[in-house]
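Notes follow the structure.
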Number of protein chains: 4
Amino acid sequence: MLKDKTSISGQPKADTKQAIERAALSLFAERGYPAVSMREIAERVGIRQGGIYNHFASKQALLVQLMEGHMRALLVALDVSVPSGGDPRQRLGEFVRFHVLYHLTQPDDVFIAYMELRSLEPAGLSRLKELRRAYEERLRGILEAGQRLGVFAITDVPVQAMGLIAMLTGVTTWYRDGGRLSRDEVAEIYVTMAMQSLGVEETPTM
Amino acid sequence: MLKDKTSISGQPKADTKQAIERAALSLFAERGYPAVSMREIAERVGIRQGGIYNHFASKQALLVQLMEGHMRALLVALDVSVPSGGDPRQRLGEFVRFHVLYHLTQPDDVFIAYMELRSLEPAGLSRLKELRRAYEERLRGILEAGQRLGVFAITDVPVQAMGLIAMLTGVTTWYRDGGRLSRDEVAEIYVTMAMQSLGVEETPTM
Amino acid sequence: MLKDKTSISGQPKADTKQAIERAALSLFAERGYPAVSMREIAERVGIRQGGIYNHFASKQALLVQLMEGHMRALLVALDVSVPSGGDPRQRLGEFVRFHVLYHLTQPDDVFIAYMELRSLEPAGLSRLKELRRAYEERLRGILEAGQRLGVFAITDVPVQAMGLIAMLTGVTTWYRDGGRLSRDEVAEIYVTMAMQSLGVEETPTM
Amino acid sequence: MLKDKTSISGQPKADTKQAIERAALSLFAERGYPAVSMREIAERVGIRQGGIYNHFASKQALLVQLMEGHMRALLVALDVSVPSGGDPRQRLGEFVRFHVLYHLTQPDDVFIAYMELRSLEPAGLSRLKELRRAYEERLRGILEAGQRLGVFAITDVPVQAMGLIAMLTGVTTWYRDGGRLSRDEVAEIYVTMAMQSLGVEETPTM
DNA sequence: GATGAATGAGCGTTCATTCAT
DNA sequence: AATGAATGAACGCTCATTCAT
């Protein structure tokens, strides 16, 4: 089974649809969904305005596709990077590392998924909220497990979870590649901050 | 003869300009600057579209006024709530409390000031960036003081400052009045989280 | 009887009305009536938009006042410069000199009176057309007199009259003060051209 | 298979772009560029306002296209009607006839090209001025040739050229088809006037 | 006489979308 | 699949005008 649309003849089919998604992703992230026109997206792809409608039913459908695609990929990647079970401290470290690095790797997807919820019409909105909830649930699960085992000092799990996610996500607002710190160094700083915020003093060896 | 239009009853004359600012503030915060039309703002104020231009030269000027006004007020309020000098741990607590409560009190101003930077044209942008920098500088000053005195365990002051601000600001993304926790309780939770993230175990009595 | 509005106290009253006329005249001439806004006129005068309406009932009334005032002044000046009676060749020379010099002296009035007829609403238009006709009639009278006396070679008086006026008026499209020729020199060139176009070879001494 | 959209019947497909140009031409000529709205142009064409922008980038671009198109066509037609070389008196006659008849045939193009220079933004203005200069240059060439040969009595070639053009162009301000004189008769009157104004008494047989 | 604020209409332009080709 | 042309609605903004102060 072939992953892409390469035909047997080996002639690669112009994958306009993906090009549209890439263009829209970067433009939406940069300037926001309402500020981006279909014409701009088309121009970046190298087609005309109307051509987009051969691939997406509407601008809204394009947004939903981007957000839903991102969230599903994020959940899959999370489940790979942070398998269930094991020491909550280790799992928290993995979660923090995953979250920070994923956010630094795919900042556009992440930013859109958080910011453009308000641009969603009701149908798409409820699907997206559910996916976001599922992601946050993974962190709440880790915090609860650590609380049950007495390894985390947590005043309030839901608040702490939201606070942690906000803190971690904030990395995207200031980190720039090529600066003083590498992505991995930043991730480790955030791991330390997260651990400290939960009162963890020594992380078990991994 | 009174200079301003305040009548003897103290009832100020209908101040259209302020009403426009209030309407624009809430609409921009809710749906974003590009998604809000001058017509909508005018409608909410109860005037016609063109009337706005008696008070603001352009939609952009209105945005700049909102953002700059907010940032200047924020800096003044910060200097009142967190005077310079004193124990850095105490000042950090004051900063966190101030930041969280201010953000919960004026969530719209705060949100716009962070989110709509991308909607600013160059002239306004540079003024706003300077104001933001000045605010962040206050926190960096506290962290550096604590680091010098050895009361904070800080890997990297600028990163820690940005991480803290992002964490604190994140409170606006989930807190809703009337929920399980009061604003003050949430502020104290954030103070504790911030202290822990800096390795502070006991706060000095204030 | 005092000509201006200087009061007995000697305090000169700000003659806003005339200032408005002057500003409107130059702006209408430069860019055309529809392209000029009441705000621009007011700005040039140093008052606010609404202030104009203390002096003129409407933008249209302002235009009519300018055009009618100009045409009446033009007719008066013509009758002074080119009195009736006398040799048609001499009177033609006087007419040409008057027309060219008046057009070079008051190019804005002249231009508006010809160009902005189309901006007039019916009431003003018929009054202005009558005034224009009266002016052209003066030239036709001269041409007819010369034709009767056999001193002008004219194929068709009305055509010749319109052609002459168009030729003379055209001086405004190219003449600039400070150039190679003085106004008087240009006027004499036009006199010669006009004479030649009527087959006059020697002008009687004046 | 045919390259263009001309069907076998020869009936060309409804050419909206040309229809827009025609509508704009007549409206601009009638009321002036600033007084005409895109809505009016579209209405006359039978499309909606926005549809114009499929053919012209802006109202200004539409004006430039009209003016530039006219001037280029005028120059081509002139070079056909008045070939270089030959007796300057004959060429002058041809020029006058051409100018008058072209102006009576295409009065709208002509009027716009002279009147709406002030509505042009700088880029278009300089292109148009160059085209106008090229046209006037043709007449100056004829006058200079006649002056050199001693067949024209000219005080000043540039002034005479501008004066002649103004006189000839003025025909559009009064001539109406169906009046007492045919276009050709009017043209011959202007030829005679032009010749007389240059002191030419007998035109060589052509 | 002048102002500041308002209005209703209209401006040039752009928008997302449709559809015959 | 893509285009060119169209649409109807909306955009930010300016217009001439009015009027209470």
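Naming convention: chains lettered A, B, ... in sequence-line order (proteins, then strands); numbering from 1 in each chain.
- Contacts of residues 36-51 of chain C with DNA chain E (heavy atom under 4.0 Å): C:Ile47, C:Arg48, C:Gly50, C:Gly51.
- What separates CG of B:Leu62 from C1' of F:dC13 is a distance of 14 Å, to the nearest Å.
- For the pair D:Glu121 (side chain) and D:Gln60 (backbone), a donor-acceptor distance under 3.5 Å is absent.
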Checklist entry - After noting the C-alpha distance and the side-chain angles of A:Arg72 and A:Glu68, does the key distance pass the salt bridge (charged side-chain N to carboxylate O under 4.0 Å, His left out) rule? => result CA-CA 6 Å; A:Arg72 294 195 189 285; A:Glu68 210 168 326; 2.8 Å; yes
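- Rounding to whole angstrom units, CG of residue A:Leu63 and P of E:dA16 are separated by 13 Å.
- C:Ile20 has its CD1 atom 14 Å from the P atom of F:dA16, to the nearest Å.
- For C:Gln60 and F:dC15, the CD to P distance is 18 Å, given to the nearest whole Å.
- Note that CG of D:Leu117 and CG of D:Leu128 are 6.0 Å apart. Values are rounded to the nearest 0.5 Å.
- Here NZ of B:Lys129 is found 13.0 Å from CG of B:Leu131. Values are rounded to the nearest 0.5 Å.
- With rounding to whole Å, B:Phe56 atom CZ is found 11 Å from E:dA5 atom P.
- For residues 31-50 of chain B, the pairs satisfying salt bridge (charged side-chain N to carboxylate O under 4.0 Å, His left out) are B:Arg31-B:Glu40, with sequence neighbours left out.
- To the nearest 0.5 angstrom, A:Phe56 atom CZ is 11.0 Å from A:Leu63 atom CG.
- Stretches of at least 3 consecutive Watson-Crick or G-U wobble pairs, with each checked distance under 3.5 Å, appear in DNA chain F as E:2-21 with F:2-21.
- One can place OH of C:Tyr53 at 13 Å from P of F:dC19, the figure rounded to the nearest angstrom.
- Atom C1' of nucleotide E:dA5 and atom CG of B:Asp15 are separated by 12 Å, given to the nearest angstrom.
- Summarising the geometry, atom CD belonging to B:Glu116 is positioned 6.5 Å from atom CZ belonging to B:Arg118; distances are rounded to the nearest 0.5 Å.
- Put simply, D:Thr16 has a side-chain N or O that comes within less than 4.0 Å of OP1 or OP2 on F:dA6.
- When each of F:dA6, F:dC13, F:dT17 is scored by its nearest atom to the side-chain atoms of B:Lys59, the top-ranked nucleotide is F:dC13.
- Here D:Ile41 contributes atom CD1 and D:Glu21 contributes atom CD; the two are 11.0 Å apart, rounded to the nearest 0.5 Å.
- Per the geometry, CG belonging to B:Asn54 stands 14 Å off C1' belonging to E:dG8, to the nearest Å.
- Here the CG atom belonging to C:Asp108 is positioned 5.0 Å from the CG atom belonging to C:Leu25, to the nearest 0.5 angstrom.
- For E:dA6, one of the phosphate oxygens OP1 or OP2 lies less than 4.0 angstrom from a side-chain nitrogen or oxygen of B:His55.
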